[in-house]
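The structure appears right after this line, and notes come after that.
Residue numbering restarts at 1 for every chain, and letters A, B, ... go by the order of the sequence lines. FYI, side chains are in, hydrogens and waters are out, and symmetry mates aren't considered; it's all heavy atoms of this structure.
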Amino acid sequence: MNPAITLDWTAICPVDRLEPDRGVAALVDGVQVALFRTADGLFAIDNRDPVSGAYVLSRGIVGSRGGVPTVASPLHKQVYDLRTGHCLDLPGVAVARHDARCRDGLVEVRLRQEG
Amino acid sequence: MSGDLVVIGNGMVGQRFVDALRARDPRGRWRVTVLGEERRAAYDRVRLSAFFDGVSEDDLNLHTPHDGVRLRLGEPATAIDRDRRVVTTAVGEYPYDALVLATGSYAFVPPVPGTELPGVFVYRTLDDLTAIRAYARGRRAGAVIGGGLLGLEAANALRLLGLSTDVVEFAPRLMPVQVDQAGGAMLRRYVEELGVRTHLGVATTAIRSGPDGAVAALELSDGSTVDAELVVVAAGIRPRDELARSAGLPVGPRGGVLVDEACRSADERIWAVGECAAVDGTCHGLVAPGYATAEVVADRLVGGAATFPGADTATKLKLLGVDVASFGDAHGTTEGCLDVTFTDPATRVYAKLVLSDDAHTLLGGVLVGDASAYPTLRASVGGPLPAAPLALLAPDGGGADAGALPATAQVCSCNAVTRGDVDAAIADGCADVAALKACTRAGTSCGSCVPMLKQLLDAAGVAQSSALCEHFDVSRRELFEIVRVRGIRTFSRLVAEHGRGRGCDICKPVVASILASLGGGHVLDGEQASLQDTNDHFLANLQRDGSYSVVPRIPGGEITPEKLIVIGEVARDFQLYTKITGGQRIDLFGARVEQLPQIWRRLVDAGFESGHAYGKALRTVKSCVGETWCRYGVQDSVGLAVALELRYRGLRAPHKLKSAVSGCARECAEARSKDFGIIATENGWNLYVGGNGGFRPRHADLFATDLSTEMLITLIDRFLIYYIRTADRLQRTAGWIEALDGGLDHLRAVIVDDSLGLCADLDAAMARHVESYSDEWRDVLEDPDRLRRYTSFVNAPDVPDPSITFALERGQRVPARGDTPAEGHRRQPVALGLPEVRR
Ligand code: SRM
Ligand SMILES: Cc1cc2nc3c(=O)[nH]c(=O)nc-3n(C[C@H](O)[C@H](O)[C@H](O)COP(=O)(O)OP(=O)(O)OC[C@H]3O[C@@H](n4cnc5c(N)ncnc54)[C@H](O)[C@@H]3O)c2cc1C
Ligand code: SF4
Ligand code: FES
């Protein structure tokens, strides 16, 4: 999948549509994004699990490791840092992260080019 | 000493040598070049066969990169010029100040006509195994020449690949080097029972080809023939000393680079380690003595004076699921020695101890069928017996206690670690097995000493952490009590009051399961929803491509034609891949998230309920047809299975629960492989508990006999609730019972004799479960809030996930492989080891 890169914010949904500590998938310019609402704020990363190739990261369990907000892939449980997209279990593995914010009760996402 | 060091061979020992040298030469005075013939860096050849059990290449990797070490793979050394001190390869020349040969062995192929035919393989490298696997596809008959350790491993591999398997061994018994005649006979019974045919005391005289020019049969010296479309030759190994020979270095009487006790050859700049080294004339075909040579040479190269300590030839293996161990003077060759043997044809255990003539000193032994005493026995060789011989040998005799070992006893033979070393490491602060591994290397090779390491930690009084994860310092069992006694109903309160951080994929599902076991309402309500694993979160099983499977409950495996038709119609309309499961029900695969409610609406309307295939909960109660139809049946096994499945459906537990009911002792329902299994008798029911299939199969133990249906149900109720309250995370009943202090007797005391006064409480807890059960899927369908989760994209609910695509296989839809990474990549990082890393 080769995403078109936008620099604009895309409105996704009302913020209360996101359950705390749980993810949803969203489609932003053809890119599948996993969106999370946690006590540390909103996070957006690619929905694609880089290890399995399946689009499932939005369905992982959210938590923390040593203070870092994380999500665990639901397929084989590798844990990712929600802030950077880096995999904390496999050196060198990462998912792209994107920008997410809340404006007037709406969640917005902006795709990022770098991983 | 310093300069250029060239190592030829990057196998197990070559790698260990480099690790050992780097550890001793931290400032890198030796510049190291390693030449490896194989295209892969060092891997664990000892565990090579695990490749056929799905262990990935990556998991076998032994290579660690070091600064100042250059690794040239796929570049075999072709010559050594001792005058100029250079090693030549096809690509270039490498000057050396010191040269270490670590070229290992090659598989010996006897001079029999036909060994060059397509379909004939050896069993030494990962490439060999990959080629065997590819060639086995679509073929039926396999054979192995050689019935030793390697031959039996190869036989198991062929079996796992689905080939019929014959083993031809020239000696009169299997594993002639390690076991004696009686042990070999016991081993043969196990092996043949697995469907492997053995031909002992015969030689292969020729390998014959078929019309296609590929191998088709073996001809044996007794005139018989064996069909074989694939042949593995495992007739022994020979040291790879060809480079040394051409360079004019002396070799041992049976080959191998002749070296002294410092592992130095006749040329003072050339050393040899591992299987290619003939230390004082003898080659050792095991990894432990090889590692010892690596340590010796590393020490010498930094100016030390280490010498080869002699070889421990002890071996313990699990071959085709059978424990086989042999250690010390296994064949009783010491003058005047005594044998103590123990044979139990019923449990098929054979054991022999070889003792000194005064019966005081253990010299060696052979164990077949049960090798649990091996670590202690091996460590006691050369010293007094740690207990009376019979207590040591009888299965579960429990006589083997590591705490009684002397400090000099070798605990880990792979890495030459003594009890003294382990105790010292514990005194230095090692508090768990992982720390001991890192500190002493014990337990890092074959792993058979790990149980002893635990015992030694225990003996030293080191409390081993039972913390669930970084967020909770307590075990699941303690957490259960906290939640129950304090009446805590949310994760956020629990972690705030009794833990730290925000939880993770380990503690959250555990807490979700505890709350559910304690009757916390629907698993998707409120905060509970955020704790669930994806399977519980969508009430369906996640598949590799991100789609889900649907398993409706079919209690006892009994189903009406009308319901079967509904399943068929639903599967057809949603184009779901359909399969009969191993649990006597039907699994429908390939549903997208947003289709799950539509599918379940149809199923619920037809009277189906959730089958909880996604949950750590009761799965199925399998049944045999029983007395209703079967001419042998003595009770209504289907009726009981249905009743039990309906009683325990929805019950959440530390791990999944399975059950089965058989209508007579013929046991067609396989009840003894279940967490709780029931077998009908003339007078009622026999209850078995703690059975398991899966990764570590275990037969259930007989718990009580000739029970009335009422008593049976009472005992199962208590058994289940007691298990749910006290087991560890992901501990099935089998492991729970094994870990239970006092074992089965304790369990009987608690749930039959009420020794803890718990029974009324346990009964009440089960009554609450039965009463509060309601079908999770029906509840979801009735609730718009819960239904909202089942969308593909929160901002585009009408767009189905474009990454889920299908191909057609045997007339059904299966995941298309196009968008997933290549096979090689996907295999690679699968988290086989990861859960362990965090434990
Ligand atoms: C569908 C089925 C295979 C089949 O096509 O026949 C199956 C499929 C799965 N099994 Fe199984 N097992 C199935 C029968 C079995 C059996 C046989 C039986 O139950 O009689 C066993 C051995 C018996 C036992 O469990 O003691 C079995 C031992 C396992 C294990 C190993 C458990 C262990 O204690 O070692 C796992 C892994 C686990 O649960 O952690 C597992 C896990 C799984 C999972 C859940 C893996 C996963 O997490 O995705 C598979 C998902 C099914 C799905 O997506 O719907 N499955 N699995 C069978 C479903 C039975 C059912 O109707 O519910
Ligand atoms: C299936 C199997 C099961 C086994 N099970 C056990 C067990 O349970 N317990 C046990 O103790 N042992 C076991 N062994 C034996 C164990 O694997 C060996 O003792 C160990 O691997 C020896 O290590 P090594 O480095 O000497 O040789 P190897 O591991 O064979 O490594 C030698 C390396 O040198 C390379 N090489 C050779 N010539 C050259 C050259 N000219 N230039 C460059 N490179 C070269 C080879 O390609 C090879 O990669 C088993 C072996 C096999 C095959
Ligand atoms: S277990 Fe007994 S009753 Fe059940 S089918 Fe087998 S023989 Fe018949
Ligand atoms: S005995 Fe093999 S790792 Fe310890």
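What you find for B:Cys504 and A:Ser64 is that their closest heavy atoms are CB-O, 4.3 Å. Nearest heavy atom pair, residue B:Glu470 against residue A:Gly66, reads OE2-N, 2.6 Å. A:Pro20 approaches B:Ser530 most closely through the heavy-atom pair O-CB, 3.7 Å. Minimum heavy-atom separation, B:Ala529 to A:Glu19: CB-OE1, 3.7 Å.
Between the SG atom in A:Cys13 and the CZ atom in B:Phe793 there is a gap of 13.5 Å [rounded to 0.5 Å]. Between the CG atom of A:Leu27 and the CG atom of B:Asp801 there is a distance of 9.0 Å, given to the nearest 0.5 Å. In this structure, B:Arg544 CZ and A:His76 NE2 are separated by 7.0 Å, a value rounded to the nearest 0.5 Å.
Between chain B and the options A:Leu75, A:Val56, A:Val24, heavy-atom pairs under 4.5 Å are most frequent for A:Leu75.
Between the side chain of A:Arg59 and the backbone N or O of B:Gly546 there is at least one donor-acceptor pair closer than 3.5 Å. A donor-acceptor pair under 3.5 Å is absent between the side-chain atoms of B:His537 and the main chain of A:Arg22, judged by distance alone.
Both the backbone and the side chain of B:Arg788 come within contact range of chain A, with heavy atoms under 4.5 Å apart. Proximity to chain A (any heavy atom under 4.5 Å) is restricted, for B:Ser792, to the backbone atoms N, CA, C and O. When heavy atoms are compared at a cutoff of 4.5 Å, B:Ile804 does not approach chain A at all. For A:Ala25, the parts sitting under 4.5 Å from any heavy atom of chain B are the backbone and the side chain alike.
Between B:Pro509 and A:Ile61, the closest side-chain pair of non-hydrogen atoms falls below 4.5 Å. Between A:Arg17 and B:Asn795 the shortest side-chain heavy-atom distance does not fall below 4.5 Å.
Of the residues A:Asp40, A:Thr70, A:Thr38, A:Asp21, the one that meets the side-chain hydrogen bond (donor to acceptor under 3.5 Å, both in side chains) test with B:Arg502 is A:Asp40.
Ion pair A:Lys77/B:Asp533 flagged as a salt bridge, since at least one NZ, NE, NH1 or NH2 atom sits closer than 4.0 Å to an Asp/Glu carboxylate oxygen.
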